[in-house]
Each structure stands twice: as structure tokens, then as C-alpha cells.
A.B. asks: 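Just passing along the structure, written as C-alpha cells.
Residue numbers begin at 1 in each chain, while the letters A, B, ... track the order of the sequences.
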Amino acid sequence: MNEGIQKEVLPSPVELIRLLDAVARAQDRKAFAQLFAYFAPRVKGFLIRTGLAESVAEEVTQEVMIAVWRKASYFDPSRAGASTWVFTIARNQRIDRLRRTRSRTADHLLDLSDEPDTPPSGEDIMIMAEREEEVRKALATLSNEQATIVKLSFFSEAPHSEIARELGIPLGTVKSRVRLALNRLRTLLDRDI
Amino acid sequence: MTINHHPSDETLLRLATGALGAGPALVIRVHLEGCSVCRERLTRFEAVGGTIIDEMRLAPLAADLFGRTMERLESMPSTLVTEPGPRKQPDLGIELPHAMRHCEIGPWRWLGPGFKWSKVKIAGSPHAKVMMLKGKAGLYLPAHGHTGMEFMQILSGSLSDERSQYFPGDLDEADDEVNHRPVVGEKSDCVCLAALEGDTRLHGFLGRLLRPIVGF
Ligand SMILES: [Zn+2]
């Protein structure tokens, strides 16, 4: 694709947090439109990558964005960045959708247990942002194979067979490779704990 | 309270990605309630998911998706649908973890001398194999193995097996290579929450005991 086409300026992590805050406090539609423009195509891409059909992925994306709007006040920027929070919503909506199609006894629960008790301080938010940055750096430090292993785990319900296929290794050795990749990731992250 | 036994990286990663089944996920959530170390570990795995979202190739959206979404938002009641109140649960003699508040929990039933169980049902996941087990102080549980993973969180009392000792807050993962014979600590009864993964079956006497009644 031509790089020139996508010259939009991407919102920074801090900007995404500000936009969520504007939605939470003032139900700011312009802020929501920006969040939608950033997250909806990415969430849909993610859902397709996990195996949902295009049309289902779009429906679930809509549900994810509705949840972002409605639950914005439960977003706690001392715990997770905006993208991480949206990821957990997408993950939960996807599981919900799969369970509903399987059992048809949907019991849709909004988990409000994560409601922040006190507004986080600027310092809390900074600590969170550093932690997310460390995760990003650690991922970039992993070997290609190890990064692939970690990422494939997010896309597949049976990641082991997909990892075997993608890396061209026997299924029997995947378990130990996953363990090695996670050990390495942990070593990289533990330096900062 | 010092916690000595934690879920593995693999398990926390699977919880973060959504690949862990409802039963094991419940047991791990109960562990997380009491373990800030693992909450932090989970957050980091979830942050990997955040990175994946950020780096995701954009999928084209229907041109009117934003408009339709706003229409749906406008037609919705403005107040949040609050979650249903906690279920009424039988008094099992212990305080149940917050993570179990929506579960349907059965009364204690006899499983063997000094050994009781209670069925735990998770809304939306009728096939999850989850149960609470209660053993009398000093009880030897039947030796058993499993075809897949067994997750067990100690809620009260203590338990030990050939590998280690487990106290409240501890989470034990046993895979198909583990054959164990747990013993309840001498000081008090032990209550734990246990889940078997997917189509895992128990081998040995415990399996023969549980299968006809519990379906494990
Ligand atoms: Zn732990």
C-alpha cells in the first residue's frame, strides 16, 4: 500500500486516554468519533484475524465500540492503556459471541467490578504508561520466532497447531518453544519489576 | 498471606488472550483476587494485546458503520445496564470469593467418608467442569491422574501432595504428567475450588467416584 495514503496523524497513547476521559465525563461525541476512527478498523482487523467471518467481525466491532462508549467511565488509566483496555473488551465480546452461538443461553454480564475507587493520579498513569512501553520494547527485543509465538497466541483458539504450521515445527515441540518464549519475555519484563 | 503457588505463564497468557475455558478462568480469577503479583503479570500479557491492536492492519469498515453505531447508542437508555445482583448462594461455611458471585452453587453433597463436593455452575458455560471440594482434616484423597489440566485454588485449610504443600491463596496446576494423592492438613478441613480443562477426565479411583455423579 502507498504510505502516502495513510498520512493521518495517529493519536498518541496519552491522547487516547484523554479522548476516553472526554467520553466518560461529557459523552463527547467528537472524542468518540476519533476513538472510533482509530479503534474500529483495528478491532475489526483483529477479530477477522482470530477467525471471525467479515460480517460477524463487523457486528462484534460495533458491539465493542458501543461498550467503549458505555463503559468509558470504568476505564482506569492507572491500570491499562487505552489500547489494552479496548483489547480486553474486544476479547470479552468475542468470547461472548462464540459462547452465545454455541449455547444460546447468553447471560450477558457487564463486569463492573473493576470500577476505579479513586481517580488515578498523574503518577499512577505515568507508571502504567511506562509499563506498557516496557512490554512494547520487550516484544521488539524477542526474536522473530518468539514474537510470532506470543502474537499467534492472541489469534487462535488452538494456538499450538497454528504455531506449528506457521513456524514449520512439529506439534510436539511447540509446548517447549512456547515455554521458552514466555520465559524470555518474563526475563525481559522482570528486569523492570 | 504469602502465596507460593501461582498459575504458569502459559495459563495467564491464555487468560489474557481469551483461550482459557470458563471453568479454569474462574479458578484463576479467584486466585487473582488475592494475588497482586499475578494481577500485574496478567496486565502485562494484556498489554501485549494492546500492542497487537495498535499494530493491527486496518480492516475496511462499512461506510455507514459509525452512523449506525451512533443511532444504536441514541436509541439505548442512557443509564448503564447494571449487572444483576449476586446470586443467592447456599451457606457452605466459608466466605466465597467475589469472582464467584454470579455462579450457581449447589449444597455440599457426600462423596465419600469425610469428603464432600458442591457443583459450581457458570452462567453461559453449562459444560464447564467446576466444583468445590471439602475434605476433613487429615483425610487422604484417592490417588488420581488426569488426561489434561486440573486447576485448584485453596480457599481454606491446607493440602499437600508428593510435590508440595498448598495453603489458602495457592493455586495448583496439575497436568497429565502429574499423578497425585493429596492429603488434607491435620489442623482443619480444607475447601478448594477445582476445575478440569475441557474434556479432561480423571483417572483412578477418584475418577470412578466422580464420573457417575459429577460427570467428570
Ligand atoms: Zn499468584
A.B. asks: Given a strict heavy-atom distance threshold of 4.5 Å, which part of B:Leu15 is in contact with chain A: side chain, backbone, both, or neither?
C.D. replies: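 Contact with chain A involves the backbone of B:Leu15 alone.
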
A.B. asks: Between the side chains of B:Glu197 and B:Lys129, is the shortest nitrogen-to-carboxylate-oxygen separation below 4.0 Å, so that they form an ion pair?
C.D. replies: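 Judged by the 4.0 Å cut-off on N to carboxylate O distance, B:Lys129 and B:Glu197 do not form a salt bridge.
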
A.B. asks: What residues of residues 154-162 of chain B sit under 4.5 Å from chain A when you count only heavy atoms?
C.D. replies: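 Answer by number: none.
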
A.B. asks: With a 4.5 Å cut-off on heavy-atom pairs, point out which of A:Lys151, A:Met65, A:Arg131 contacts chain B the most.
C.D. replies: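 Answer, by heavy-atom pair count under 4.5 Å with chain B: A:Arg131.
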
A.B. asks: For B:Ala62, which atoms come within 4.5 Å of any heavy atom of chain A: side chain, backbone, both, or neither?
C.D. replies: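 B:Ala62 touches chain A through backbone and side-chain heavy atoms alike.
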
A.B. asks: Restricting to non-hydrogen atoms, name the atom on A:Leu142 and the atom on A:Ala181 that form the minimum distance, rounded to 0.1 Å.
C.D. replies: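 Taking every non-hydrogen atom into account, CD2-O, 4.3 Å.
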
A.B. asks: Most heavy-atom pairs under 4.5 angstrom with chain A, which of B:Ala22, B:Gly18, B:Gly49?
C.D. replies: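 Top option by heavy-atom pairs under 4.5 Å: B:Gly49.
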
A.B. asks: Against chain A, label B:Ile52 side chain, backbone, both or neither, depending on which of its atoms sit under 4.5 Å from a heavy atom there.
C.D. replies: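 Contact with chain A: side chain only.
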
A.B. asks: Report which part of A:Val86 has an atom under 4.5 Å of a heavy atom belonging to chain B: side chain, backbone, both, or neither.
C.D. replies: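 For A:Val86, there is no contact with chain B at all, as no heavy atom is under 4.5 Å.
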
A.B. asks: May I ask you to say whether A:Arg29 pairs ionically with B:Glu74, meaning some side-chain N is under 4.0 Å from a carboxylate O?
C.D. replies: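 Yes, A:Arg29 and B:Glu74 are salt-bridged.
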
A.B. asks: Around atom CZ of B:Arg72, are there more than 12 heavy atoms of other residues, nucleotides or ligands at under 6.0 Å?
C.D. replies: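 Enclosed: over 12 neighbouring heavy atoms sit under 6.0 Å from CZ of B:Arg72.
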
A.B. asks: Go through A:Ile48, A:Val150, A:Leu139 and name the one with the most non-hydrogen pairs under 4.5 angstrom from chain B.
C.D. replies: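 Maximum pair count with chain B is reached by A:Leu139.
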
A.B. asks: Hey, is B:Glu40 close enough to B:Arg44 for a salt bridge, meaning N to O under 4.0 Å?
C.D. replies: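 Between B:Arg44 and B:Glu40 there is a salt bridge, with a charged N closer than 4.0 Å to a carboxylate O.
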
A.B. asks: Go through the atoms of A:Leu47 and report whether side chain, backbone, both or neither lie under 4.5 Å from a heavy atom of chain B.
C.D. replies: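 Nothing of A:Leu47, per the 4.5 Å heavy-atom cut-off to chain B.
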
A.B. asks: Check side-chain hydrogen bond (donor to acceptor under 3.5 Å, both in side chains) between A:Ser83 and all other residues, then give those that pass, not counting sequence neighbours.
C.D. replies: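 Expected list: B:Asp54.
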
A.B. asks: Going by atom types alone, do A:Arg94 and A:Thr50 pair a side-chain donor with an acceptor below 3.5 Å?
C.D. replies: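 Side-chain D/A pair, A:Arg94 to A:Thr50: present.
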
A.B. asks: Between B:Leu61 and chain A, which part of the residue has a heavy atom less than 4.5 Å away: side chain, backbone, both or neither?
C.D. replies: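 Contact with chain A: backbone and side chain both.
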
A.B. asks: Select one option (side chain, backbone, both, neither) describing which atoms of B:Leu73 are under 4.5 Å from chain A's heavy atoms.
C.D. replies: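 The side chain, not the backbone.
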
A.B. asks: Which bit of A:Phe36 comes within less than 4.5 Å of chain B, counting heavy atoms only: side chain, backbone, both or neither?
C.D. replies: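 Contact with chain B involves the side chain of A:Phe36 alone.
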
A.B. asks: With only heavy atoms counted, which part of B:Arg68 is less than 4.5 Å from chain A, the side chain, the backbone, both or neither?
C.D. replies: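 Contact with chain A: backbone and side chain both.
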
A.B. asks: Which pairs count as side chain to side chain donor-acceptor pair (under 3.5 Å) when at least one residue sits in residues 169-180 of chain A, sequence neighbours excluded?
C.D. replies: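 Pairs touching residues 169-180 of chain A that pass the test: A:Glu145-A:Arg177, A:Arg179-B:Glu10.
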
A.B. asks: So which part of A:Ile66 gets closer than 4.5 Å to some heavy atom of chain B, the side chain, the backbone, both or neither?
C.D. replies: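 When you check distances to chain B, atoms from both the backbone and side chain of A:Ile66 fall under 4.5 Å.
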
A.B. asks: For the candidates A:Lys44, A:Met128, A:Gln62, A:Glu132, which exhibits the highest count of non-hydrogen atom pairs separated by less than 4.5 Å from chain B?
C.D. replies: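 Going by pairs under 4.5 Å, I would pick A:Gln62.
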
A.B. asks: Tell me, please, which residues at least two apart from B:His180 pass ring pair (Phe, Tyr, Trp, His ring centres under 6.0 Å).
C.D. replies: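 Partners of B:His180 under the ring pair (Phe, Tyr, Trp, His ring centres under 6.0 Å) test: B:His144, B:His146.
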
A.B. asks: Are the aromatic ring centres of A:Phe46 and A:Phe154 under 6.0 angstrom apart?
C.D. replies: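 No.
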
A.B. asks: Before you tell me yes or no, could you show the steps for A:His160 and A:Val178 under side chain to side chain contact (heavy atoms under 4.5 Å, CB included), namely the whole-Å CA-CA distance, both residues' side-chain angles and the distance that decides it to 0.1 Å?
C.D. replies: CA-CA 8 Å; A:His160 283 192; A:Val178 170; 3.9 Å; yes

A.B. asks: Show your reasoning for whether side chain to side chain contact (heavy atoms under 4.5 Å, CB included) applies to B:Thr43 and A:Thr84.
C.D. replies: CA-CA 9 Å; B:Thr43 309; A:Thr84 298; 5.7 Å; no

A.B. asks: Taking only Lys NZ, Arg NE, NH1 and NH2, and the carboxylate oxygens of Asp or Glu, determine whether A:Glu134 and A:Lys137 approach each other closer than 4.0 Å.
C.D. replies: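 Looking at A:Glu134 and A:Lys137, the cut-off is not met.
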
A.B. asks: For residues B:His31 and B:His5, report the shortest heavy-atom separation together with the two atoms involved.
C.D. replies: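 Scanning both residues, the minimum pair turns out to be CE1-O, 3.5 Å.
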
A.B. asks: Quick one, A:Thr148 with A:Glu166, criterion side-chain hydrogen bond (donor to acceptor under 3.5 Å, both in side chains). Give me CA distance, side-chain angles, the key distance, then yes/no.
C.D. replies: CA-CA 9 Å; A:Thr148 305; A:Glu166 185 100 357; over 6 Å; no

A.B. asks: What residue, out of B:Ala99, B:Ala19, B:Ser8, B:Pro60, has the most heavy-atom pairs lying under 4.5 Å from chain A?
C.D. replies: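 Greatest number of close heavy-atom pairs with chain A: B:Pro60.
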
A.B. asks: So what's closer than 4.5 Å to chain B heavy atoms on A:Thr88: side chain, backbone, both or neither?
C.D. replies: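 Contact with chain B involves the side chain of A:Thr88 alone.
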
A.B. asks: What part of A:Ala57 is in contact with chain B, defined as an atom under 4.5 angstrom from a non-hydrogen atom: side chain, backbone, both or neither?
C.D. replies: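 The answer is neither part of A:Ala57.
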
A.B. asks: At a 4.5 Å cut-off on heavy atoms, which part of A:Leu182 comes close to chain B: side chain, backbone, both, or neither?
C.D. replies: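 It is both, since atoms from each part get that close.
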
